[in-house]
Number of protein chains: 2
Amino acid sequence: MIKTSNYHHGDLREKILQTAFELLDNEGIEAVGIRKIARLLGVAHSAPANHFKNKQTLLTALATESFRHLVSKIENDISNEADNLRLAIHSFSNTILEFGLKYPNRYKLLWRREYADDQDTELGAAMDDVYAQLTHILGEHAKNNQVDVESQAIALWSLLHGYVLLRLDENLQEGYDEVTGIKRQVAIIDVLIDGIVA
Amino acid sequence: MIKTSNYHHGDLREKILQTAFELLDNEGIEAVGIRKIARLLGVAHSAPANHFKNKQTLLTALATESFRHLVSKIENDISNEADNLRLAIHSFSNTILEFGLKYPNRYKLLWRREYADDQDTELGAAMDDVYAQLTHILGEHAKNNQVDVESQAIALWSLLHGYVLLRLDENLQEGYDEVTGIKRQVAIIDVLIDGIVA
DNA sequence: ACCTGTATATTGACACTGTCAATTTAAACA
DNA sequence: TGTTTAAATTGACAGTGTCAATATACAGGT
């Protein structure tokens with residue numbers, strides 16, 4: 001089908017999201033701009049306004065979709081190791097690390113409240129799903145032990161989040177544990193697990 | 001002394017930094033703007049250009065000063081607990097946490113390379129000082145044990161960095177360990193220490 | 001086929017932003 | 001006193017997000 005006019009573009013909303021993701025991945029959060037996207041799509045500077053009320057709405061859509069992507073990855077990867085605590089923690093951690101290192105700017109967008117609308121219920125629900133997975137994993141193990149699972153969950157979450165962001169902001173480089181020879185990103189999780197299963 | 005004219009303001013550079021810190025602390029990194037600062041100081045929109053080549057230069061100055069502030073806090077606080085590993089780790093951690101929670105936007109600025117100029121040597125040196133303190137603390141202890149101190153250092157650093165950022169971005173709230181009753185931010189460090197001293 | 005309502009795209013304006021170039025002013029120095 | 005130099009001013013340019021008014025095209029009912 002040949003496009004005869006730009007009016008009623010048809011799938012402009014989808015094209016906007018696609019271009020926005022490309023800008024986000026290739027040039028960073030700040031590079032995602034309404035007018036720039038419109039220009040790239042050969043459409044008037046105000047055309048996107050029909051589909052996204054403002055910039056925040058657009059970024060919220062990007063964040064929500066990214067969260068859902070991440071949650072489904074976690075759910076898939078964990079399914080095989082659900083019965084072994086150590087393996088389950090490593091699986092969860094691996095999924096987060098892989099996602100963060102593969103999509104640096106999506107990962108940053110996920111957790112920076114200044115960009116997305118934190119009142120958005122869909123976004124909030126997708127965020128909660130990540131944390132729910134985490135407490136579920138740890139909860140299975142700690143039923144008998146007299147420990148607060150929340151502290152362990154927050155410790156692991158903080159460790160992963162911090163490591164990913166330090167890597168993404170290039171405050172830290174890829175590396176290997178000098179003694180065991182395993183990847184640093186795995187080694188630091190082992191340090192924490194020793195504290196959990198001890 | 002009464003100011004007779006705005007030409008050769010005298011301490012404009014200092015005033016700019018001061019106003020920039022106020023904007024940073026009260027309204028966030030994005031709120032720090034050349035023209036806005038000039039307007040607040042009652043000076044022409046291009047006056048700051050004589051003292052800071054561009055916005056990045058200004059933000060780099062803010063980051064460098066903040067780093068030095070943090071480093072000196074760490075050095076002061078650690079001096080009393082240098083001989084006990086557990087206490088030393090808690091002291092270091094406490095300093096980072098306190099700084100981050102007290103100056104959220106300064107903390108964010110410190111680690112986000114997209115704002116400050118990461119080629120700046122003064123900034124780089126101040127950053128390295130933080131990490132040097134950390135490895136020094138852990139290095140004292142691990143001399144005998146067959147472990148890679150770097151992995152422990154990065155684990156602790158990641159944990160602290162992640163926790164602070166989760167708190168600052170309001171992805172996490174202040175809380176207490178349900179079992180021990182101590183502050184969550186202390187409890188998660190204990191989880192990790194159990195893995196280190198085990 | 002025709003009118004009408006609605007969704008969508010366009011144009012134009014407004015107030016911002018950072019950065020640059022040309023100019024003016026004041027102080028410092030010889 | 002005259003000249004150089006540092007520091008502030010003005011003006012312009014290309015961008016940005018957002019809003020209001022307008023134009024276009026499609027869908028549904030008559």
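Chain A is the first sequence line, chain B the second, and so forth, proteins listed ahead of strands; every chain is numbered from 1. As the structure is a computational prediction, the values presented were derived from the model and not from experiment.
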- Query: Taking atom C1' of D:dC26 as reference, at what distance in whole Å does atom CG of A:L12 sit?
  - Reply: 16 Å
- Task: Let me know the distance between NE2 of B:H51 and P of D:dA6, rounded to the nearest Å.
- Result: 12 Å
- Message: Measure CD/A:Q56 against C1'/D:dT18 and give the value in whole Å, please.
- Response: 14 Å
- Message: When you compare the side chains of A:H161 and A:Y107, does any donor N or O come within less than 3.5 Å of an acceptor on the partner?
- Response: yes
- Main-chain N/O of A:E122 paired with A:T64 side-chain donor or acceptor, under 3.5 Å: no
- A:N26 side chain to A:L23 backbone, donor-acceptor under 3.5 Å: no
- Task: Would you kindly give the CZ-to-P distance between B:F52 and D:dA7, to the nearest whole Å?
- Result: 12 Å
- Task: For B:L23 and C:dT17, give me the distance from atom CG to atom C1', rounded to whole Å.
- Result: 14 Å
- Specify the separation, in whole Å, of atom NZ of A:K15 and atom P of C:dA9. 13 Å
- Using a 4.0 Å heavy-atom cut-off across all strands, classify B:N50 as base, sugar-phosphate, or nothing. base
- Query: Ignoring hydrogens and geometry, is there a side-chain-to-backbone donor-acceptor pair from B:D169 to A:R112 under 3.5 Å?
  - Reply: no
- Item | Under 3.5 Å side-chain donor-acceptor pair for B:D177 and A:S151 | yes
- Query: Nearest-Å distance, CG (A:L58) to C1' (D:dT18)?
  - Reply: 14 Å
- Task: Do nucleotides 10-16 of chain D as a string where each nucleotide becomes B, S or -: B if the base has a protein heavy atom under 4.0 Å, S if just the sugar-phosphate does, - if no protein is that close.
- Result: BBB--SS
- In whole angstroms, the gap separating C1' of D:dG17 from CD of B:E30 amounts to 14 Å
- Query: Mind checking what makes side-chain hydrogen bond (donor to acceptor under 3.5 Å, both in side chains) contact with A:N171, not counting sequence neighbours?
  - Reply: B:R113
